[in-house]
Novice: 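Questions regarding the structure given below will be posed in turn.
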Amino acid sequence: MKVLKFGGTSVGSPQRMKEVSRLITQDGEQKLVVLSAMSGTTNSLVEIAQYLYGGNKAGADDVINRLRTKYFAHVPELLSQKENQDELNKFLEEKFSFLQSFYIDNFSEKEEKIILAQGELISTYMVTLYLKEQGIKATLLPALDFMKTDADAEPDMAYITEYANKQLQSVPGMQIYITQGFICRNAKGDIDNLQRGGSDYTASILGAAIKADEIQIWTDIDGMHNNDPRVVDKTQPVRHLHFEEAAELAYFGAKILHPTCIQPAKAANIPVRLLNTMEPSAPGTLIDNRNEPGRIAAVAAKDNITAIKIKSSRMLLAHGFLKKVFEVFETYRTSIDMICTSEVGVSMSIDNIKHLDEIVGELKKYGTVTVDHDMCIVCVVGDMNWENLGFESRALDALADIPVRMISYGGSNYNISFLIKETDKKAALQRLSDFLFNGKK
Ligand code: ADP
Ligand code: ASP
Ligand code: MG
């Protein structure tokens, strides 16, 4: 069986839901389908929670009423039989009254998580009802009965494997099994989620749990591109990526795939295919464990990066210096993205600056500290085994006119990263595209 995930853009309107339904049923094959909330809904739910944290019930009411109007208008567009329309109206009425039941004092994270879960609960209910109206043998599997995280907020693979398979077996013979992306229960059994964009992760985890033949991630563009199509002209879809390449790209900002999504698929060696809902016959991008020797696959960029440099003559020939530096970051639970060292100094980049002041304060014990804000990591991804020749110079040639703050290579066989100013990002991405993919010399 294949696992297919459709994102918020793919189920963003009744029309799109009908398209998705056609897409998943036309070949008659059995499928497990993971859906996101309709696009925009999770953002609205976040907004409701923000109002409720601040005790602003009128603000929450406003957002809920806007959502309510939008969803009720979808009912007659999606369903044509009166009894199905009545059923969905009743379901939506319950959901919106439920959302209004959180106008309480002491609104906490626990309630917030319940609110955030409603988008996927609603979209999956709608699509399942539509499929049934079309005479398809479809059933809704409740993700909250099998998607579970452990005490470290990591997916509990043993639990998920056991219960996802039990759920599937408990309703045999269906053509389409629908379930919610993103939502889960945590170690305490409370409703939780896999972080924003986490539906991709659900699909990958479930693909591994049920030993799927393939995991398909359907979104609104034609697979992973060799550069960010929102920033650069003339990008091309990449037809094939190694798991490691896809993970680097996802982490470094190619938002088409959530970074966590690669790991479960890779561990279970299940190919992941990225496909375009708007153009279903396009080949998309296949991600698996096959290498394409010597090929530079793509470029991606990550903004809002801060660089921290510590220079100290005490570092010269001393041991234990890096340990002390890393412990500071560990204390403040801040992860380091890039790192470059010389005999007298070390530069690191971080994207979470919540504890920057404390970190810099502590690092000053060890040397002179310089901080650069508004930086950007640009990473070039491909088969960059160190014995391959020439890829470093091609990337550096492209960046000849751009000031580069850090360069990192050797951490993986698949990536060379550059830290530049955010204001140089567009030029850097464009030049990398021109030099690496469009034949400029
Ligand atoms: P989905 O609901 O399908 O997961 P999201 O709502 O998560 O989609 O939004 C992802 C959006 O971001 C898509 O519309 C996609 O086109 C766009 N996008 C963002 N960054 C990139 C990138 N680097 N390459 C391609 N598309 C991108
Ligand atoms: N609906 C969730 C979000 O918007 C999860 C997802 O779409 O992947 O983040
Ligand atoms: Mg997404």
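Atoms within each ligand, like the ligands themselves, are counted from 1 in listed order. All residue numbers in this chain count up from 1 along the given sequence.
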Novice: Would you say the ring centroid of Y409 lies under 6.0 angstrom from that of F391?
Specialist: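 Judged by ring-centre distance (under 6.0 Å), Y409 and F391 do meet the cut-off.
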Novice: Run the salt-bridge test on K5 and D200 with the 4.0 Å N-O cut-off and return the result as yes or no.
Specialist: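 Salt bridge present between K5 and D200.
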Novice: Output yes when the distance from some N or O of ligand 2 to some N or O of Q195 is under 3.5 Å, and no in every other case.
Specialist: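 It does not: no N or O of Q195 is found under 3.5 Å from an N or O of ligand 2.
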Novice: Taking a cutoff of less than 4.0 Å between a non-hydrogen atom of the residue and any ligand atom, is E120 in contact with ligand 2?
Specialist: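 Contact present.
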Novice: Tell me whether K90 is salt-bridged to E93, with the criterion being a basic N under 4.0 Å from an acidic carboxylate O.
Specialist: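 Salt bridge between K90 and E93, a charged N being under 4.0 Å from a carboxylate O: no.
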Novice: Can you check whether G197 has an N/O within less than 3.5 Å of an N/O in ligand 2?
Specialist: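 Yes; the residue has a nitrogen or oxygen that sits under 3.5 Å from a nitrogen or oxygen of the ligand.
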Novice: Measuring only between side-chain heavy atoms, which start at C-beta, is K95 closer than 4.5 Å to Y125?
Specialist: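 K95 vs Y125: side chains apart.
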Novice: Distance under 4.0 Å to a non-hydrogen atom of S36: what atoms of ligand 2 satisfy this?
Specialist: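 Near S36, the atoms of ligand 2 are 6 (C), 7 (O), 8 (O).
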Novice: Below 3.5 angstrom, do we get any N/O pair linking S199 and ligand 2?
Specialist: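 Min N/O separation from ligand 2 is below 3.5 Å for S199.
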Novice: Does this structure show an ion pair linking D61 with K57, if we count only N-O contacts that are shorter than 4.0 Å?
Specialist: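 Salt bridge: no.
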Novice: Distance under 4.0 Å to a non-hydrogen atom of G198: what atoms of ligand 2 satisfy this?
Specialist: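 Numbered from 1, ligand 2 contributes 5 (C), 8 (O).
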Novice: Within the 4.0 Å heavy-atom shell around R196, which atoms of ligand 2 are there?
Specialist: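 The list of qualifying atoms is 3 (C), 4 (O), 9 (O).
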Novice: Does this structure show an ion pair linking D192 with R185, if we count only N-O contacts that are shorter than 4.0 Å?
Specialist: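 Looking at R185 together with D192, the answer is no, because their closest N to O distance does not fall below 4.0 Å.
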